[in-house]
Amino acid sequence: MTKYEMLYLLNNDLTDEAKDAKIAKYEDIVKSMGGAVASTDKWGTKKTAYPINFKNEAYYVLMTFEADGKVVEELKRVAGIDADVVRRLITKLN
């Protein structure tokens, strides 16, 4: 298995319970497909570099995990259709 990081920005208008549910959702995707979540860092609300959908702030979350390529493709697919995920970036760690 390969190590990856997924940095994703959630809509800042979500409640704390909804944010925690979204974070758990992405952790569960990794775990259900045979991967392992090493850590999930909640960076909190931060200002974005430029306005996204007319908003200047988002809730940043960094998830580090080990998985194969199928998990990465599924995370990209699910995050891409989730209206509450403003941006996402998945990178492979050395």
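Since this is a predicted model, take the numbers as computed values, not measurements.
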Rounded to the nearest 0.5 Å, what separates atom [atom1] in [X] from atom [atom2] in [Y]?
{"X": "Asp68", "Y": "Glu73", "atom1": "CG", "atom2": "CD", "value": "10.5 Å"}
{"X": "Leu93", "Y": "Thr2", "atom1": "CG", "atom2": "OG1", "value": "10.0 Å"}
{"X": "Thr91", "Y": "Met6", "atom1": "OG1", "atom2": "CE", "value": "11.0 Å"}

Identify whether Met63 and Met1 are in the same connected component of the hydrophobic contact network (ILVMFWY, side-chain heavy atoms under 4.5 Å). no
Could you give all pairs that pass the ring pair (Phe, Tyr, Trp, His ring centres under 6.0 Å) test and reach residues 27-75, with sequence neighbours left out? Tyr4-Phe65
Would you list the pairs meeting salt bridge (charged side-chain N to carboxylate O under 4.0 Å, His left out) in which at least one residue belongs to residues 31-54, sequence neighbours left out? Asp20-Lys42
Could you note down all residue pairs passing salt bridge (charged side-chain N to carboxylate O under 4.0 Å, His left out) where residues 7-16 supplies at least one of them, sequence neighbours left out? Asp13-Lys55
What's the verdict on side chain to side chain contact (heavy atoms under 4.5 Å, CB included) for Ile90 and Leu75, showing C-alpha distance, side-chain angles and the deciding distance? CA-CA 9 Å; Ile90 302 174; Leu75 284 171; 3.9 Å; yes
Considering all heavy atoms, the nearest [X]-[Y] contact:
{"X": "Lys22", "Y": "Tyr8", "result": "O-OH, 4.5 Å"}
{"X": "Ala36", "Y": "Val30", "result": "N-CG1, 3.8 Å"}
{"X": "Gly35", "Y": "Ala67", "result": "CA-CB, 4.2 Å"}

Measuring only between side-chain heavy atoms, which start at C-beta, is Leu10 closer than 4.5 Å to Val85? yes
Count the heavy atoms belonging to other residues, nucleotides or ligands that lie under 6.0 Å from NZ of Lys70, then report whether that count exceeds 12. no
Ionic contact status for Arg88 with Asp82, cut-off 4.0 Å: no
What I want to find out is whether Glu74 reaches Arg77 closely enough, with some N-O distance under 4.0 Å, to be called a salt bridge. yes
Would you please say whether a donor-acceptor pair under 3.5 Å links the side chains of Asn12 and Thr45? yes
For a quick check under 3.5 Å, do Glu27 and Thr40 share a side-chain donor-acceptor pair by atom type? yes
Could you walk me through whether Val78 and Ile29 satisfy the side chain to side chain contact (heavy atoms under 4.5 Å, CB included) test, starting with their C-alpha distance in whole Å, then the side-chain angles of each, then the deciding distance to 0.1 Å, before giving a yes or no? CA-CA 9 Å; Val78 172; Ile29 289 172; 3.8 Å; yes
Full working for side chain to side chain contact (heavy atoms under 4.5 Å, CB included) between Glu57 and Thr48: CA-CA 5 Å; Glu57 291 183 337; Thr48 56; 5.9 Å; no
